[in-house]
Student: 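Quick one: structure below, then a few questions.
Since this is a predicted model, take the numbers as computed values, not measurements.
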Amino acid sequence: MDKLFAKFANATARITGSPPAFIVCVLLVVLWAASGPIFKFSETWQLVINTGTTIITFLMVFLIQNTQNRDGEAVQTKLDELILTSGAENDFMGIEKLTEKELAAMHDRCTEHARIAQDRLEKVSAIREARKSAKVSPKRKPKRAPPPPARNAPARRVRTT
């Protein structure tokens with residue numbers, strides 16, 4: 001039953017979220033509005049659109065919620081697998097089940113770690129800049145003498161002017 005409902009929910013979400021489905025809904029509303037003069041804009045005419053949209057909305061809420069729940073669970077499972085297979089802290093496993101207070105504490109801890117990392121990065125950048133500045137000095141480096149000719153190298157011709 002679960003698999004059948006999941007397939008139905010996915011198919012319905014895919015179909016109803018498509019551009020053709022939107023166009024069909026717009027056309028239905030336009031047809032309903034155009035039929036107003038025929039039915040003299042009666043209460044029954046208004047009740048048709050109100051009842052139809054209410055029923056469809058009511059049912060779609062459950063289908064969309066089911067699809068979102070499964071998608072969210074799949075993403076969390078993938079993230080948990082990445083955490084397990086990486087060098088990340090396992091403390092992050094299942095944090096979606098924590099209370100608001102526990103999540104806030106975890107967020108504060110991450111913010112502090114990010115601040116520390118940023119401070120370190122700025123210090124390393126400053127050290128690199130200082131080293132770069134020390135290497136570039138106003139003195140000119142003397143030109144190096146050309147390397148001696150290799151053995152068995154042909155003699156170089158000297159230009160005479």
Student: Using the side chain to side chain contact (heavy atoms under 4.5 Å, CB included) criterion, which residues pair with Gln68? Sequence neighbours excluded.
Tutor: Ile64

Student: If you look only at distance, which donor and acceptor atoms sit under 3.5 Å apart when one is on a side chain in residues 120-129 and the other is two or more places apart or in another chain?
Tutor:
{"unit_1": "Glu122", "atom_1": "OE2", "unit_2": "Gln118", "atom_2": "NE2", "d": "3.3"}
{"unit_1": "Ser125", "atom_1": "OG", "unit_2": "Leu121", "atom_2": "O", "d": "3.0"}

Student: Please identify each residue that fulfils side chain to side chain donor-acceptor pair (under 3.5 Å) with Asn90, with sequence neighbours left out.
Tutor: none

Student: With sequence neighbours left out, write down each residue that passes ring-ring contact (aromatic ring centres under 6.0 Å, His included) with Phe62, or none if nothing qualifies.
Tutor: Phe58

Student: Taking only residues two or more places apart in sequence or in another chain, which ones pass side chain to side chain contact (heavy atoms under 4.5 Å, CB included) with Val26?
Tutor: Phe22, Val30

Student: So does His113 have more than 12 non-hydrogen atoms from other groups sitting under 6.0 Å from NE2?
Tutor: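 Counting neighbours around NE2 of His113, more than 12 heavy atoms of other residues, nucleotides or ligands fall under 6.0 Å, so yes.
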
Student: For the atom pair CG (Asn66) and CG (Asp71), what is the distance rounded to the nearest 0.5 Å?
Tutor: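 Interatomic distance, Asn66 CG to Asp71 CG, rounded to 0.5 Å: 9.5 Å.
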
Student: Residues two or more places apart in sequence or in another chain: which of them pass side chain to side chain donor-acceptor pair (under 3.5 Å) with Glu81?
Tutor: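 For Glu81, no residue satisfies side chain to side chain donor-acceptor pair (under 3.5 Å) once neighbours in sequence are set aside.
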
Student: Does anything in residues 39-50 pair up under side-chain hydrogen bond (donor to acceptor under 3.5 Å, both in side chains), and if so which pairs, sequence neighbours excluded?
Tutor: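 The answer is Ser35-Trp45.
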
Student: Find the distance between CD (Glu73) and CD (Glu96) and round it off to the nearest 0.5 Å.
Tutor: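 Glu73 CD to Glu96 CD: 6.5 Å, rounded to 0.5 Å.
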
Student: If two hydrophobic side chains count as joined below 4.5 Å and joins carry through other members, does Met60 share a cluster with Phe8?
Tutor: yes

Student: Kindly state each residue pair satisfying side-chain hydrogen bond (donor to acceptor under 3.5 Å, both in side chains) with at least one member in residues 10-31, sequence neighbours excluded.
Tutor: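 Applying side-chain hydrogen bond (donor to acceptor under 3.5 Å, both in side chains) to every pair that reaches into residues 10-31, excluding sequence neighbours, yields Asn10-Arg70.
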
Student: Side chain to side chain donor-acceptor pair (under 3.5 Å) with Asp119: which residues, sequence neighbours excluded?
Tutor: Arg115

Student: Please, which pairs that meet side-chain hydrogen bond (donor to acceptor under 3.5 Å, both in side chains) have at least one residue in residues 53-65, sequence neighbours excluded?
Tutor: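 Found Gln65-Asn69.
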
Student: Keeping Glu102 on the side-chain end and Thr99 on the backbone end, is there a donor-acceptor pair under 3.5 Å?
Tutor: yes

Student: CG of Leu63 to CD1 of Ile56: how many Å apart, nearest 0.5 Å?
Tutor: 12.0 Å

Student: Locate the shortest heavy-atom distance separating Ala33 from Pro37; write the atom from each residue and the value.
Tutor: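 Ala33 and Pro37 have their closest heavy atoms at O-CD, 3.8 Å.
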
Student: Please indicate whether Glu112 has more than 12 foreign heavy atoms, meaning atoms of other residues, nucleotides or ligands, lying under 6.0 Å from its CD.
Tutor: yes

Student: Quick one: salt bridge (charged side-chain N to carboxylate O under 4.0 Å, His left out) partners of Asp108, sequence neighbours excluded?
Tutor: none

Student: Is Phe92 isolated, or which residues cluster with it under the ILVMFWY side-chain rule of less than 4.5 Å, directly or via members?
Tutor: Ile83, Leu84, Met93, Ile95, Leu98, Leu103, Met106

